[in-house]
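Each remark here refers to the structure printed beneath this line.
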Amino acid sequence: MKTELIESLDFTEEDYNEKIAGEDVASFNEFIDAIIVFVEQNGGTLEDAIIMANDTYYQL
């Protein structure tokens with residue numbers, strides 16, 4: 001699921017890293033892994049993970 005999720009995002013790892021520069025937040029890989037764990041624990045789908053990751057990114 002991780003590869004499919006990353007390929008489907010509205011942003012790249014570089015975009016994420018630029019946005020969080022200087023902030024004390026999760027790395028890109030930690031961010032993606034946390035989304036996957038949350039979605040899998042709640043019976044979600046890849047589409048749910050994409051929506052959650054994109055929404056969270058834009059709220060940063």
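These figures come from a predicted structure and were not determined experimentally. Heavy-atom basis, side chains included; hydrogens, waters and symmetry copies ignored.
Between I20 and A26, the closest heavy-atom pair is CD1-O, 3.6 Å. Of all heavy-atom pairs spanning Y57 and K19, the tightest one is O-NZ, 3.2 Å. For the pair L9 and A53, the tightest heavy-atom approach, listed with the atom from each and the gap, is CD2-CB, 3.5 Å.
V37 and F31 are members of different hydrophobic clusters when ILVMFWY side chains are connected at heavy-atom separations under 4.5 Å.
How far CG of N29 is from CD1 of I6: 6.5 Å, rounded to the nearest 0.5 Å. The structure places CZ of F11 at 7.5 Å from OH of Y58, a figure rounded to the nearest 0.5 Å. To the nearest 0.5 Å, atoms CG (D15) and CD (E13) are separated by 10.0 Å. The CG atom of L46 sits 10.5 Å away from the CD atom of E40 when rounded to the nearest 0.5 Å. One distance of note links CG of L5 with CD1 of I32; it measures 4.5 Å at 0.5 Å rounding.
The shortest distance between side-chain heavy atoms of Y16 and V25 falls below 4.5 Å. Contact of the V39 side chain with the T45 side chain is not registered, since no non-hydrogen atoms from C-beta on lie closer than 4.5 Å.
Taking Ile, Leu, Val, Met, Phe, Trp and Tyr as hydrophobic and joining them when side-chain heavy atoms fall under 4.5 Å apart, one finds I51 isolated, its cluster having no other members.
Checked by atom type and distance alone, the side chain of E4 pairs as donor or acceptor with a backbone atom of M1 at under 3.5 Å. Panel note: side chain N54, backbone D10; a donor-acceptor pair is recorded below 3.5 Å.
Applying the salt bridge (charged side-chain N to carboxylate O under 4.0 Å, His left out) test to every pair with at least one member in residues 41-60, sequence neighbours left out, gives no pairs at all.
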